[in-house]
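Heads up: the structure comes next, in structure tokens.
Whatever order the structure lists them in is the order used to number ligands and atoms, beginning at 1. This is a predicted model, so every value here is computed, not measured.
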Amino acid sequence: MAIAAGRSKAEWQELDQQHYLHPFTDHKELSEKKSRIITRADGVYIYDADDNKILDGMSGLWCVNAGYGRDELVQAAAAQLSELPYYNSFFQCAHPPSIELSRVLGEVTQAHFKRVFYTGSGSESIDTMIRMVWRYWDLMEQPQRKLIIARQNAYHGSTVAGASLGGMKLMHSQGGSLGNIAHIEQPYWFGSDHSMSLDDFGLHAARELEKKIEEVGADKVAAFVGEPIQGAGGVIVPPDTYWPEIQRICDEHGILLITDEVICGFGRLGEWFGADYYGVKSDLMTFAKGVTSGYLPLGGVMVGDRVGDVLIDKGGEFYHGFTYSGHPASCAVAIENVRIMQRENLVTRVRDDIGPYLQEKWAALGEHPLVGETRMVGLMGAFELVKDKDSLTRFDEDDSAGTICRDFLINNGLVMRAVGDTIVTAPPLTISHAEADELIETAWKCLDLTQQAL
Ligand code: PXG
């Protein structure tokens, strides 16, 4: 029997309050409220315990790229769990699903990514990447290269290393920061004073990296890491000038370039990875989420030849790995997930069909009096709520405009996230034209409701 059917909604809510500490939650506040209990999902829709049908404009947490209700993924997991539910890749062992997935990932990544290291999540991928970067420079006999440069308002997970590398002030405020990390300005034009053109602002933000390198000395810098488009920070789409300039700076100073593809990877931007979308050659790519469309946990680091060849040629044990590195069932699901994306041309569909379709309608939301800017690449978008459209003046924090809008959205059958007053979306790559129309109509209606409420 399905677990959901075993108790009433009220019982689930009661038990939830008593026993369950949720992630990124004010536990006192939630203990005084009731959670929305989600019981099932199909296609692009989730259903709650009252059987409300809600369009999932967030693909879960930016991960259910192939959509819900995929029997092929269920069967892939079940077959692998029956045959070999678990074994590890420590002690010179391996198993077919993790080897096969490593080969398959080579099909969809740039040619220099021949190797992969597996983890169980995006945060573990970030930790792995940091340890691998330090290991690389040790092997290169430049152990003083320790500093990793990231951006303010970046999100790289919530382990100690992930929270430290990310640029979220509120996370830093809860302490325990790792050393050897620096943060530079993010390429967020809308959040700037608008005194520069987009292109100039992109160059300016990229050159903050060069300034930081010159300030500390290139011989101390190990790597630069960035999400191709920042997700949790509010879908920050950099100007087109940004990434080529970042590549130039990394190349000139010999520092490793890392793209955190946890959200942008696996088709979100209409290319397999964000690095492909921006024409960047990164040395390492961290991934998770979309690799299995979230059906089972899996993450990893794609390792380019520059680092991979050194790890192998120089040898010596890399003391790193997890019980669930390359979990067989997760890998089996990931293989089938990539196959679905290839069979159904989901990535080119985002680039040539549903992406442009939704982008055009999304841009039209910019005509609403509350919207100061819209942006969308592939199926990853945001709009900014403003108090005054002409001067682009933002609401005061106390107005809680984003939260009010987000609550109207969910109560009207659409999940999108509010990051401050930025409303973000990332629907499954399978969303149909009619479902995209529904998303836009609901968003417009909820903008009207928000305007009335403010
Ligand atoms: N890097 C990036 C770019 C991410 O977006 C992680 C690393 C960490 O992944 P794990 O699997 O450890 O969560 C992420 C995760 C949000 C939200 O509210 C975003 C994430 C996770 C939870 C919530 O936007 N991204």
Practice problem: Using non-hydrogen atoms of the residue, decide whether Lys289 is closer than 4.0 angstrom to ligand 1. | Solution: yes
Practice problem: Would you check whether Glu227 has a nitrogen or oxygen atom less than 3.5 angstrom from a nitrogen or oxygen atom of ligand 1? | Solution: no
Quiz item: In terms of side-chain geometry, is the basic nitrogen of Glu384 or Arg394 positioned less than 4.0 Å from the acidic oxygen of its partner?
Solution: yes
Quiz prompt | Top protein contact for atom 16 (C) of ligand 1, by heavy-atom distance | solution = Arg417 NH2, 3.0 Å
Practice problem: Using a cut-off of 6.0 Å, state whether more than 12 heavy atoms not belonging to Lys146 lie near its atom NZ. | Solution: yes
Quiz item: In terms of atom number and element, which parts of ligand 1 are under 4.0 angstrom from non-hydrogen atoms of Ser121?
Solution: 11 (O), 12 (O)
Quiz item: Can Lys53 be said to sit on top of Tyr47's aromatic six-ring, NZ or CZ under 6.0 Å from centre and within 45° of the ring axis?
Solution: no
Quiz item: Between Arg115 and Asp305, is the closest basic N to carboxylate O distance under 4.0 Å?
Solution: yes
Quiz item: Heavy atoms only: which of Cys63, Ser123, Gly265 is nearest to atom 8 (C) of ligand 1?
Solution: Ser123
Quiz item: Can Lys445 and Glu441 be counted as an ion pair, charged N to O under 4.0 angstrom?
Solution: no
Exercise. Check Ala288 against ligand 1 and report side chain, backbone, both or neither, counting heavy atoms closer than 4.0 Å.
Key: neither
Quiz item: With a 4.0 Å cut-off, would you call Lys212 and Glu210 a salt bridge?
Solution: no
Quiz item: Looking only at protein heavy atoms, which one is nearest to atom 23 (C) of ligand 1, and how far off is it?
Solution: Leu61 CD2, 3.5 Å
Quiz item: Would a line drawn from the ring center of His95 to the ring center of His327 be shorter than 6.0 Å?
Solution: no
Quiz item: Is the shortest N/O to N/O distance between Gly122 and ligand 1 below 3.5 Å?
Solution: yes
Quiz prompt | Sub-3.5 Å N/O-N/O distance, Asp260 and ligand 1 | solution = yes
Self-check item: Asp399 side-chain N/O to Ala401 backbone N/O, donor-acceptor pair under 3.5 Å
Solution: no
Exercise. Have a look at ligand 1 and work out which part of Trp62, if any, has a heavy atom under 4.0 Å from it: side chain, backbone, both or neither.
Key: side chain
Quiz item: Which residue and non-hydrogen atom of the protein lie closest to atom 5 (O) of ligand 1, and at what distance in Å?
Solution: Ile263 CD1, 3.2 Å
